[in-house]
Amino acid sequence: MSKLSEDYTIDELMVVTLARQFTDADIMLNGTVSYIPVSAFMLARETHAPKLTWVAGAVGVDADPGYIVGNTLDPTMWKDCVMYLPQISDMWGYVHSNTLETFCIRGAQIDKYGNVNNSVIGKDYHRPKVRLPGSAGMGDMCSLHKKIYIWSTTHNPRTFVDKVDFLAAPGYLDGGDARAKLGLRNGPEVVVTDLCVMDFEPTSKRMRLKSVHRGVSAKQVQDETGFELVTPDHVLETPAPSVEEIELLRKKIDPKNMRKIEFRGSKTKV
Amino acid sequence: MSKLSEDYTIDELMVVTLARQFTDADIMLNGTVSYIPVSAFMLARETHAPKLTWVAGAVGVDADPGYIVGNTLDPTMWKDCVMYLPQISDMWGYVHSNTLETFCIRGAQIDKYGNVNNSVIGKDYHRPKVRLPGSAGMGDMCSLHKKIYIWSTTHNPRTFVDKVDFLAAPGYLDGGDARAKLGLRNGPEVVVTDLCVMDFEPTSKRMRLKSVHRGVSAKQVQDETGFELVTPDHVLETPAPSVEEIELLRKKIDPKNMRKIEFRGSKTKV
Amino acid sequence: MAAGKENKVMSAAQAVGMIRDGDTVAIQGMGTQMSPLALVREIIKARKRNLIAAMIVGGIGLDWLIAAGCVKKVMAIIVNLDEFGMANAFRRAVEAGELMMEEYTEHQMLTRFSAGCYGLPFMTTQSGIGSAIVDLHPDTTKVIDCPFTGQKVIACRALTPDVCILHAHRADEVGNVQFFPKPIWGDVDVFPRASKKVIVTVEEIVSTDEIRRTPERTGLPYFKVDAVVPVKYGAHPCSLFPRYNFDRQVMERYAAESRTPEGTQAFLEKYVRAPRTQEDYLDLVGGSTMEARIQSFWS
Amino acid sequence: MAAGKENKVMSAAQAVGMIRDGDTVAIQGMGTQMSPLALVREIIKARKRNLIAAMIVGGIGLDWLIAAGCVKKVMAIIVNLDEFGMANAFRRAVEAGELMMEEYTEHQMLTRFSAGCYGLPFMTTQSGIGSAIVDLHPDTTKVIDCPFTGQKVIACRALTPDVCILHAHRADEVGNVQFFPKPIWGDVDVFPRASKKVIVTVEEIVSTDEIRRTPERTGLPYFKVDAVVPVKYGAHPCSLFPRYNFDRQVMERYAAESRTPEGTQAFLEKYVRAPRTQEDYLDLVGGSTMEARIQSFWS
């Protein structure tokens with residue numbers, strides 16, 4: 001292991017932290033505006049998980065565009081792949097049958113059981129206060145037995161809410177065995193934000209603080225969260241990236257800093 | 001119109017008669033061991049229906065192998081096509097939605113309402129007297145609203161039976177409006193055999209003699225049929241092929257006489 | 001009903017004449033990729049009204065149509081400008097109660113189209129079980145029991161749009177349409193096959209003999225195509241893989257100007273209504289400068 | 001469960017070790033086209049028993065397996081040798097009550113496999129309404145009502161074979177499998193994706209870099225493939241479009257000799273059991289003479 005980095009930024013920490021979740025056995029799809037997870041997949045491949053498979057834009061199997069050129073859903077990212085996965089027959093077949101088991105999502109609202117909403121803000125779906133873009137693949141992935149990795153660049157009480165206004169993507173629903181009772185396997189595993197890392201308490205399925213990023217306190221995280229987090233007595237600091245990881249990310253994987261696009265609207269400066 | 005042929009054989013008359021059923025608007029698929037219909041499609045294209053589309057082996061759209069090389073389901077027949085029709089999504093989609101409306105079939109048993117069986121002879125399906133190859137695409141096509149053209153090289157009471165032993169491919173079922181009542185549109189249109197041409201009486205949906213081939217009498221046809229045919233007072237002779245049609249068939253379309261394979265087991269010598 | 005084997009080459013204006021007010025129109029395209037935007041501009045010029053737009057991802061073209069007042073309802077899984085942010089006309093119209101958004105999960109929407117392709121009344125998925133999305137449209141998605149296992153599945157009602165509009169690489173005059181490579185994305189795959197009429201713009205018209213050289217690239221046969229419209233850069237400012245990229249400059253301009261209703265209308269006036277022809281439009285967005293800007297990463 | 005990214009190259013005998021007695025085996029192939037016949041011969045040599053063969057078209061390979069006593073049940077739409085006539089071992093076995101034939105319409109069978117691909121308990125078709133075929137297997141096809149329109153549709157229960165065997169053009173060592181062109185026939189398309197394990201024989205092994213040059217030709221990704229077996233002429237005596245034709249001489253010989261049980265067994269002994277290796281087999285069927293005989297019409 002190389003030396004720890006001392007000058008990393010939050011976007012970089014998020015990428016590295018997410019990358020470390022994945023192993024050689026993982027096959028990762030990505031959707032739109034997903035610079036952080038895509039950077040994480042590419043980084044994991046370059047470091048501890050050389051056999052990890054990234055299906056670029058859910059199309060290009062084992063693609064290798066060299067670096068993040070632009071838009072994560074664009075064919076530019078399919079370069080040097082071994083296969084173009086036809087979406088309906090192949091991609092959705094592999095997802096639906098759970099041959100592909102993992103997915104990363106984010107959203108405008110995330111609640112204490114890992115339910116996610118990117119459709120509307122407000123209680124009337126048909127006359128919303130804010131019309132958001134829509135659920136895209138989240139509603140699919142969360143109901144089709146995926147292990148879900150949630151990322152968010154806006155850890156604040158507007159995003160982390162007690163209950164989502166609209167239940168687009170089912171996490172653990174009302175907690176406990178509610179998800180399993182519906183026949184849904186897996187569910188949210190980890191939440192990586194601009195402040196901390198969280199997981200889910202195994203019995204209640206409530207979101208739980210796991211580690212705080214350098215310079216952030218557990219109290220700050222709680223203050224920026226719209227519900228009571230399960231918080232252990234001793235909260236660790238999120239492990240720092242290595243110099244090697246940071247170099248790879250800055251120089252090889254995302255030299256155009258596309259990942260920073262995701263911090264538009266975030267209080268966190270990157 | 002060119003001169004009438006005087007030396008045509010029954011296989012040739014069957015091809016020409018079938019060819020004349022089709023128009024520029026038809027899109028014709030073919031299955032296995034279908035030399036007579038494939039010859040008919042190719043002949044129709046060369047004569048009165050230049051825009052007829054033949055989908056070779058249900059794959060090669062507008063194929064042009066030049067002549068019948070071999071097996072009608074073999075990729076050799078796809079040559080110079082404009083598209084390979086993927087079977088599940090495209091071919092079955094176009095068939096199921098009735099974008100493609102016509103199909104030719106044959107079978108070991110054909111009954112008076114145009115129901116067809118190529119599965120078993122005998123009343124016990126699971127312990128048959130004779131196990132035939134199976135229904136292949138017939139069961140699909142006859143229940144998916146196709147206009148059905150039936151051909152048979154063995155016009156005898158074993159093939160033309162009062163009631164099929166096993167109802168694999170629904171024609172007009174028990175006749176009358178039985179087919180329509182099930183929601184099935186279209187159905188058998190014409191039957192071309194080695195003895196005659198038949199169609200279906202519009203109300204009862206019973207098979208009806210339309211014309212007899214040169215040298216065959218209506219009585220002979222009835223004697224070789226296992227049920228009573230609807231027979232008009234005046235039965236015409238099947239129009240003879242033209243010299244041009246016969247030349248095209250012999251010299252261009254099927255110079256290897258592959259169509260004669262279909263007369264194995266027929267009393268008709270070709 | 002199959003389309004005939006006749007010359008179907010026509011102008012965009014002629015083709016758009018096939019669309020009637022109130023039609024359900026399937027519009028190919030992702031946020032920034034492979035969308036028939038020349039046709040979309042023509043629909044706006046023809047002042048079509050009360051259209052129902054059926055898409056997977058609604059992008060810039062849909063936002064234009066909404067801003068121009070052509071659309072009464074959207075069926076889609078997401079509407080945005082991809083990395084360029086919100087589709088503002090869409091957002092404002094829904095928030096004002098002027099536009100209905102019928103949201104689906106991606107596989108529900110694809111399954112509705114697939115059922116349409118097969119002429120089946122419905123097909124099945126399990127996508128959306130546990131999500132409130134399935135409750136949004138009881139007339140088109142319904143949880144039923146498997147008759148063999150008792151498991152819950154979602155029946156998705158067939159969607160058969162009146163018209164599909166799409167942009168492809170090339171076609172012959174009768175409408176055999178080729179893609180490089182063959183359709184990968186779900187919309188290109190099922191939208192035209194599910195629709196009653198299909199209008200295709202293509203970068204170029206080639207001979208049928210040329211099509212026969214690469215039958216593995218043909219995605220639509222002539223019998224499923226009603227109009228063929230040659231339009232160079234027909235997807236601009238979206239991309240046509242692998243031929244050209246999306247135009248970041250025009251996307252950013254629209255994203256910025258569409259923040260206000262006035263800015264949106266000014267953009268539409270300048271870039272959609274004013275250019276008389278596709279050539280005018282291409283000149284306006286930069287001509288050869290534009291060509292250099294969108295040069296493919298793949299070439 | 002996805003297969004790993006490791007070297008999966010092995011011998012036919014090793015690969016066939018993945019098949020257990022009693023397994024449901026999806027066997028790619030039409031009457032005379034694109035069937036993994038080297039693997040079929042290996043299954044016979046390994047004396048597998050009580051297999052359930054799932055096919056669309058059962059051809060010469062299935063007839064060999066039946067004659068060798070490996071099969072207890074067939075699921076298919078037709079079993080014959082195409083223009084070479086009846087599959088006699090099949091016919092005799094069914095007539096003797098020794099083999100069960102579970103017959104489907106083609107689209108019912110494909111829909112069962114498609115549901116298997118999606119992990120859905122069932123999918124729908126309308127193929128077979130009015131046919132007695134739908135009544136043959138109430139446990140796997142059932143007429144139900146559309147919950148929206150009331151129309152009759154047939155629910156087809158998912159089929160997920162234990163193993164799929166197929167022959168393709170080429171693959172890399174980890175199992176990215178290419179076809180020229182990409183899968184067109186239904187069996188090549190859905191059989192492997194619906195199956196729990198996939199064994200592929202290929203004409204040649206190439207590098208992953210070579211695969212990357214033509215990703216549009218890859219039909220199966222490594223994560224769906226469990227064994228890669230290089231076998232030259234692995235489909236013989238069937239064809240591998242566009243590389244070689246079926247071998248009319250061997251097909252005719254089998255059609256003739258299989259008219260009696262004794263002739264069938266003699267053929268099996270000589271052509272299946274006696275050759276120790278694929279090279280022995282190829283020599284036996286004529287070596288370079290055979291190569292000339294099956295030269296592709298396309299080349």
Side-chain angles (χ1 to χ4, degrees), chain A residues 31-33 35 57 59 65 69-76 78-79 84-92 95-96 117-120 122 125-145 164 166-170 173 178-179 182-184 258 261-262 264, chain C residues 30-34 56-58 76-80 82-83 85-87 90-97 99-101 103-108 110-111 113-114 125-134 136 151-152 181-187 189-190 239 241-242 245-246 248 296-298:
Chain A
T32 182
V33 200
Y35 299 103
V59 170
V69 189
N71 194 315
T72 57
L73 211 63
D74 199 77
T76 46
W78 304 345
K79 205 167 191 199
Y84 302 129
L85 218 51
Q87 295 292 279
I88 294 182
S89 52
D90 294 47
M91 192 279 276
W92 283 111
V95 165
H96 211 298
N117 168 31
N118 207 41
S119 297
V120 293
Y125 178 91
H126 297 289
R127 195 67 194 270
K129 222 170 83 194
V130 182
R131 175 64 228 194
L132 300 163
S135 52
M138 289 193 326
D140 304 273
M141 295 297 181
C142 291
S143 69
L144 292 173
H145 318 299
V164 287
F166 179 74
L167 177 55
L173 301 163
R179 180 180 172 88
L182 263 187
L184 304 182
M258 298 299 290
I261 288 179
E262 292 202 38
R264 289 179 193 148
Chain C
M30 312 279 276
T32 58
Q33 301 93 20
M34 213 173 174
I56 299 300
V57 177
I77 71 161
I78 185 173
V79 181
N80 74 354
D82 215 315
E83 70 191 65
M86 303 292 278
F90 162 77
R91 174 183 166 146
R92 285 189 296 261
V94 175
E95 290 169 5
L99 177 72
M100 194 175 157
M101 168 64 171
E103 182 173 344
Y104 290 90
T105 71
E106 181 166 345
H107 201 247
Q108 284 169 7
L110 291 173
T111 303
F113 274 106
S114 292
T125 183
Q126 288 183 315
S127 167
I129 288 186
S131 160
I133 290 173
V134 73
L136 288 174
Q151 283 167 277
K152 302 280 176 212
K182 267 192 71 166
I184 293 164
W185 282 314
D187 57 345
D189 191 353
V190 286
S239 63
F241 167 77
N245 275 344
F246 60 89
R248 185 170 291 278
S296 177
F297 178 70
W298 290 78

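Labels below follow one simple rule: chain letters A, B, ... track the order of the sequence lines, proteins then strands, and each chain is numbered from 1.
By the ring-ring contact (aromatic ring centres under 6.0 Å, His included) test, A:Tyr35 pairs with no residue at all, sequence neighbours left out. The ring-ring contact (aromatic ring centres under 6.0 Å, His included) test applied to C:Phe90 returns no partner, not counting sequence neighbours.
Of all the listed residues (A:Leu144, A:Asp140, A:Ile88), the one sharing the greatest number of non-hydrogen pairs under 4.5 Å with chain C is A:Asp140. Between chain A and the options C:Val79, C:Asp82, C:Val57, heavy-atom pairs under 4.5 Å are most frequent for C:Asp82. Per-residue heavy-atom pair counts under 4.5 Å with chain C were compared for A:Val130, A:Val120, A:Leu182, and the maximum is reached by A:Val130. Taking chain A as the reference chain and counting heavy-atom pairs below 4.5 Å, the highest number among C:Pro181, C:Gly58, C:Gly31 is found for C:Pro181. The residue among C:Ser239, C:Ala76, C:Gly130 with the most heavy atom pairs within less than 4.5 Å of chain A is C:Gly130. Heavy-atom pairs under 4.5 Å with chain C peak, among A:Val59, A:Leu132, A:Ile261, at A:Val59. Heavy-atom pairs under 4.5 Å with chain A peak, among C:Asp187, C:Ile56, C:Leu136, C:Thr125, at C:Leu136. The candidate with the highest count of non-hydrogen atom pairs below 4.5 Å against chain C, out of A:Gln87, A:Arg131, A:Met258, is A:Arg131.
Considering every non-hydrogen atom in both A:Met141 and A:Val95, the closest pair reads SD-CG1, 3.7 Å. C:Asn80 approaches A:Pro133 most closely through the heavy-atom pair CB-CB, 3.9 Å. Across every non-hydrogen atom of A:Thr76 and A:Asn71, the tightest pair is OG1-O, 4.5 Å.
Only the side chain of C:Arg248 comes within contact range of chain A, with at least one heavy atom under 4.5 Å from a heavy atom of that chain. In this structure, chain C has heavy atoms under 4.5 Å from both the backbone and the side chain of A:Leu73. Neither the backbone nor the side chain of A:Met138 comes within less than 4.5 Å of any heavy atom in chain C. Looking at C:Tyr104, the atoms closer than 4.5 Å to chain A (heavy atoms on both sides) all sit in the backbone: N, CA, C or O. Only the side chain of C:Gln33 comes within contact range of chain A, with at least one heavy atom under 4.5 Å from a heavy atom of that chain. In this structure, the portions of A:Ser119 lying under 4.5 Å from any heavy atom of chain C include both its backbone and its side chain. With a 4.5 angstrom heavy-atom cutoff, C:Met101 touches chain A via backbone and side-chain atoms both. When heavy atoms are compared at a cutoff of 4.5 Å, A:Arg264 approaches chain C solely by way of its side chain, counted from C-beta outward. Only the side chain of C:Asp189 has a heavy atom closer than 4.5 Å to any heavy atom of chain A. Proximity to chain A (any heavy atom under 4.5 Å) is restricted, for C:Ser114, to the side chain, taken from C-beta onward.
Side-chain contact check for A:His96 and C:Ser127: no donor-acceptor pair (N or O, by modelled atom type) lies under 3.5 Å.
At least one side-chain heavy atom of C:Gln126 sits less than 4.5 Å from a side-chain heavy atom of C:Gln151. Contact of the C:Ile133 side chain with the C:Glu103 side chain is registered, since non-hydrogen atoms from C-beta on lie closer than 4.5 Å.
Taking the six-membered ring for Trp and thresholds of 30 and 60 degrees, C:Phe241 and A:Tyr84 have ring planes more than 60 degrees apart, a perpendicular arrangement. Using cut-offs of 30° and 60° on the angle between ring planes, the pair A:Trp92 and C:His107 is tilted.
C:Ser131 places a side-chain N or O within donor-acceptor distance of the main-chain N or O of A:Ala168, the cut-off being under 3.5 Å.
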